[in-house]
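Keep in mind the model is a prediction, meaning the values are calculated, not measured. A, B, ... follow the sequence lines: proteins, then strands. Residue 1 opens every chain.
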2 protein chains.
Amino acid sequence: MGITKTAFFTSNQNQLANLAKALANPARIAIIEYLLKVDSCICGDIVTELPLAQPTISQHLKELKNAGIIQGNIEGNSICYCLNTDTLQILQSFFSKIITKVNKNKCC
Amino acid sequence: MGITKTAFFTSNQNQLANLAKALANPARIAIIEYLLKVDSCICGDIVTELPLAQPTISQHLKELKNAGIIQGNIEGNSICYCLNTDTLQILQSFFSKIITKVNKNKCC
DNA sequence: TTAATATATTGCAATATTACGATATATTAT
DNA sequence: ATAATATATCGTAATATTGCAATATATTAA
């Protein structure tokens, strides 16, 4: 087969898996860290910052946007993308919940 | 090409991407949530809990273990896997850092 | 209007992931 | 020792992802 059996899981599980998938590439992590570093919208210099070709970066930005992790669009001749706090909050909540709920007395 | 250009990114970026990859599947999210729910080691009943065949679940467990998200082994005739707090802490820290550092005055 | 610049889309080759049947391995029960 | 049970591994088909060259599109500059 090879296709993920999405229909058999909850929408919450699929949402978390999709968000994780959007982050499952070092270039996309680098884009997020760059957005944090510059503390504003991305400008075209992301293309010179990353060791990847322009179409590849454009594709990664599209995936991050589809997942809701970044938001924005091109403005004139330059990119204007920034982090979407609402979506990132979902991930933070998930991991915070795990850390606080997990049984510290691991048995293995 | 098709292969991720791992060598061009920092080990931290690759680590986060690999952790995200381990979570990028609803079955693996379901396994993690099940581990949280039962609040102990997994027993063989995970195979009856998930809508997937036994070899598939075994493979997902292996991937979670390789990523360091769960730890353990089989014990006699049953599984004994539990969540690895140390690794999950890496993810929580990453998202907490983002949420606290991100500029709330988004420009797009 | 034309040229220059910036980003997006298309098409494709290489590789990775997903799922499972068949089978192997290992432990426990008889 | 043999059977029963539980988990892992192998092999494979279907699908998804990665990266880029070529090209399209859109905005700004001249």
To the nearest Å, how far apart are A:Ile29 CD1 and D:dT18 P? 12 Å
Can you give me the N/O atom pairs linking the protein to nucleotides 21-26 of chain C at distances under 3.5 Å, or say none if there are none?
none

dist A:Ile32:CD1 -> B:Phe94:CZ (nearest 0.5 Å) comes out at 5.5 Å
At 4.0 Å (heavy atoms only), tell me whether A:Thr56 reaches a base, stays on the sugar-phosphate, or touches nothing. base
Quick check on D:dT17: is either OP1 or OP2 less than 4.0 Å from any side-chain nitrogen or oxygen of A:Asn25? no
side-chain N/O B:Ser58 vs D:dA8 OP1/OP2, d < 4.0 Å: yes
Between D:dA8 and B:Lys62, is there an OP1 or OP2 to side-chain N/O distance shorter than 4.0 Å? no
Hey, which sits more toward the 5' end of DNA chain C by its nearest nucleotide, A:Thr6 or A:Asp45? A:Asp45
Testing D:dC20, C:dA19, C:dT17 for proximity to the side chain of A:Gln59, the answer is D:dC20
Between A:Glu63 (side chain only) and A:His60 (backbone N and O only), is there a donor and an acceptor less than 3.5 Å apart? no
Heavy-atom donor-acceptor pair, A:Asn84 side chain to A:Gln71 backbone, under 3.5 Å: no
Map A:Phe9 and A:Val47 onto DNA chain C by nearest heavy atom, then report which one ends up closer to the 5' terminus. A:Val47
In whole angstroms, the gap separating C1' of D:dT18 from CG of A:Leu50 amounts to 14 Å
Identify whether any heavy atom of A:Ala24 sits under 4.0 Å from a base atom; if not, whether one sits that close to sugar-phosphate; answer base, sugar-phosphate or nothing. sugar-phosphate
Roughly how many Å is it from OH in A:Tyr81 to C1' in C:dA6, rounded to a whole number? 12 Å
What nucleotide among D:dA8, D:dG19, C:dA8 has an atom nearest to a side-chain atom of B:Leu61? D:dA8
Quick one: label B:Leu52 by what it contacts on the DNA or RNA (base, sugar-phosphate, nothing), any heavy atom closer than 4.0 Å. sugar-phosphate
Would one find a side-chain N or O of A:His60 under 4.0 angstrom from OP1 or OP2 of D:dG19? yes
Report the distance from atom CG of B:Asn66 to atom C1' of D:dA8, rounded to the nearest whole Å. 13 Å
Rounded to whole angstroms, how far apart are CG on A:Leu64 and P on C:dA8? 12 Å
Would you confirm whether A:Ser58, through its side chain, and A:Gln54, through its main-chain N or O, come within 3.5 Å as a donor-acceptor pair? no
Distance, rounded to the nearest Å, where A:Lys21 contributes NZ and C:dA16 contributes P: 17 Å
Rounded to the nearest 0.5 Å, what separates atom CD1 in B:Ile98 from atom CD in A:Gln92? 9.5 Å
Polar side-chain atom of B:Arg28 near backbone of A:Ala17 as donor-acceptor pair, under 3.5 Å: no
B:Ile79 CD1 to D:dT9 P: how many Å, rounded? 12 Å
Using atom types as modelled and distance alone, determine if a side-chain donor or acceptor of A:Thr100 lies under 3.5 Å from a backbone N or O of A:Ser96. yes
What's the separation between atom CD1 in B:Ile29 and atom CZ in A:Phe9, rounded to the nearest 0.5 Å? 10.5 Å
Quickly work out the A:Ile31 CD1 to D:dG19 P distance and round it to whole Å. 10 Å
